[in-house]
Amino acid sequence: MTDVLVFAPHPDDETLGCGGSIAHHTAMGRNVRIVCLTSGEQGVPGTAPEHAGLLRERETEAAAGKLGVASGNVHFLRLPDGDLDPGDRGQFLSVLRILRHFRPEVVYVPHAADASHDHQQAHLLVCRALEKGASRSYPDAGPRHWVGTVLGYEVWSAIGAPAFFQSLQPAETEAKLSALSCYSTQVKGEGEADYAGEGGVALARFRGAMTSGGHREAFAVLRLGALPWPPPYDQRPT
């Protein structure tokens, strides 16, 4: 069984960036875990951070269920929202311990240039941990582990030249939409970003329109030891 680990800077990033791919993995019987680095506690205007974080964690658990992620496979590191820091030893060790404990074959993380400070810091933080995953350094963080495949997903800004596309079946697109609907705290007012509904699959629709039709999620390939799942039939070489 392929083990997949998805790192999200905030609750909902996992669904926006690779929710269809998560649904694809779980439909294929793969073991998927989601790790939220922060609980997005600064992202619910008018709600105290300690309460907002709990609300968003519950939303993530509900959304993960819509994507087929097993109960208990959603984890929250509760690092500070708006203050992710790849140079912070405590934050780095928290991520390194997760990597070495769950020992995934595939990791998803925001791509390097995603247009959000926390997303860019999350990328650097996870990549620092990935770099040290198989090192003899930090033995207290657990047994060494090398992750063969690392893919960068897009949320706030499109990847300029994606190296990998995941075609989504209609059921996987529907699962992504259903998961996005769980994030009621992120429904915006007039004149604000709106991605808790159809807007959340607009980028996947664009990627499909520009390539093979339908919906597709696009990724930067940060590391590719081997593609641990076969491509769809329409993408296999003849």
Side-chain angles (χ1 to χ4, degrees), residues 1-9 13-37 60 63-65 67-77 86 92-112 114 119 122-139 141-155 159 162-169 172 175-176 179 216-233 235-237:
M1 178 184 291
T2 302
D3 285 318
V4 178
L5 190 57
V6 180
F7 284 100
D13 290 324
E14 78 296 326
T15 303
L16 287 163
C18 55
S21 297
I22 293 172
H24 174 75
H25 285 306
T26 60
M28 294 295 101
R30 298 166 192 140
N31 184 44
V32 179
R33 292 183 182 275
I34 296 169
V35 176
C36 290
L37 299 176
T60 306
L67 299 174
V69 176
S71 176
N73 275 15
V74 184
H75 310 274
F76 303 97
L77 293 187
F92 158 68
L93 287 174
S94 293
V95 177
L96 182 61
R97 289 189 186 101
I98 285 284
L99 284 170
R100 290 183 173 179
H101 178 70
F102 291 125
R103 313 183 74 76
E105 297 172 64
V106 183
V107 161
Y108 289 87
V109 65
H111 76 97
D114 209 27
H119 289 214
H123 175 92
L124 293 172
L125 177 59
V126 174
C127 285
R128 181 186 175 193
L130 286 163
E131 178 187 349
K132 293 298 184 182
S135 169
R136 288 179 292 180
S137 305
Y138 309 101
R144 295 184 292 168
H145 176 66
W146 173 259
V147 178
T149 299
V150 183
L151 301 176
Y153 60 80
E154 52 189 8
V155 176
I159 297 166
F164 177 71
F165 291 90
Q166 177 64 57
S167 294
L168 304 182
Q169 297 300 312
E172 294 159 358
K176 178 167 179 159
R216 305 178 93 191
E217 289 176 339
F219 300 94
V221 175
L222 284 70
R223 185 186 293 174
L224 189 62
L227 196 64
W229 62 92
Y233 285 104
Q235 295 181 39
R236 295 181 185 180

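Both backbone and side-chain heavy atoms feed into the values below; hydrogens, waters and symmetry mates do not. Note that the structure is a prediction, hence the values are computed from the model and not measured.
A 4.5 Å side-chain heavy-atom check between Val4 and Pro104 finds every atom pair outside the cut-off. For the pair Val95 and Leu37, the minimum side-chain heavy-atom distance is below 4.5 Å. A heavy-atom distance below 4.5 Å is found between the side chains of Tyr108 and His25. Contact of the Ile98 side chain with the Arg33 side chain is not registered, since no non-hydrogen atoms from C-beta on lie closer than 4.5 Å. Looking at heavy atoms from C-beta onward, Asp13 lies out of side-chain contact with Pro110 at the 4.5 angstrom threshold. Residues Ser167 and Glu172 have side chains not in contact (no heavy-atom distance under 4.5 Å, counting atoms from C-beta outward).
Here the CD-NE2 distance, from Glu154 to His111, works out to 6.0 Å after rounding to the nearest 0.5 Å. Between Glu105 atom CD and Leu5 atom CG the span is 12.0 Å, to the nearest 0.5 Å. Put simply, CD on Gln166 and CD1 on Ile22 are 11.5 Å apart, with the number rounded to the nearest 0.5 Å. Atom CZ in Phe219 sits 7.0 Å away from atom CZ in Phe164 (nearest 0.5 Å). A distance of 11.5 Å separates CH2 in Trp146 from CG in Leu99, rounded to the nearest 0.5 Å.
In summary, of the residues considered (Leu130, Val150, Val35), a side-chain contact (heavy atoms from CB on, under 4.5 Å) with Phe7 occurs for Val35 alone.
For the pair Asn73 (side chain) and Val32 (backbone), a donor-acceptor distance under 3.5 Å is present. For the pair His24 (side chain) and Leu168 (backbone), a donor-acceptor distance under 3.5 Å is absent. Under the 3.5 Å distance criterion, the side-chain polar atoms of Glu14 are left unmatched by any main-chain donor or acceptor of Val6. A side-chain donor-acceptor contact under 3.5 Å links Arg103 to the backbone of Pro143.
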Lys176 and Thr15: CA distance, side-chain angles, deciding distance, side-chain contact (heavy atoms from CB on, under 4.5 Å) verdict: CA-CA 6 Å; Lys176 178 167 179 159; Thr15 303; 4.2 Å; yes
Any chance you could lay out the side-chain contact (heavy atoms from CB on, under 4.5 Å) test for Phe92 and Leu125, step after step, and finish with the verdict? CA-CA 6 Å; Phe92 158 68; Leu125 177 59; 4.3 Å; yes
Start with the C-alpha gap between Leu151 and Val221, add the side-chain angles, then the distance that decides, and say whether side-chain contact (heavy atoms from CB on, under 4.5 Å) holds. CA-CA 5 Å; Leu151 301 176; Val221 175; 3.9 Å; yes
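Considering every non-hydrogen atom in both Val147 and Arg223, the closest pair reads O-NH1, 2.7 Å. For the pair Ala129 and Leu96, the tightest heavy-atom approach, listed with the atom from each and the gap, is O-CD1, 3.5 Å. Smallest separation of non-hydrogen atoms from Thr26 and Ala23: OG1-O, 3.1 Å. Residue His119 comes nearest to Pro9 through the heavy atom pair CD2-CG, 3.6 Å, listed as atom of the first residue, atom of the second, then distance. Closest approach of Ala218 and Phe165 over heavy atoms only: CB-CE2, 3.7 Å. Nearest approach of Leu67 to Gly19, heavy atoms of both residues: CD2-O, 3.4 Å.
For Arg97, the side chain to side chain contact (heavy atoms under 4.5 Å, CB included) partners at least two apart in sequence or on another chain are Leu93, Ala141.
Between His75 and Phe102, the two ring planes are tilted [angle within 30° to 60°].
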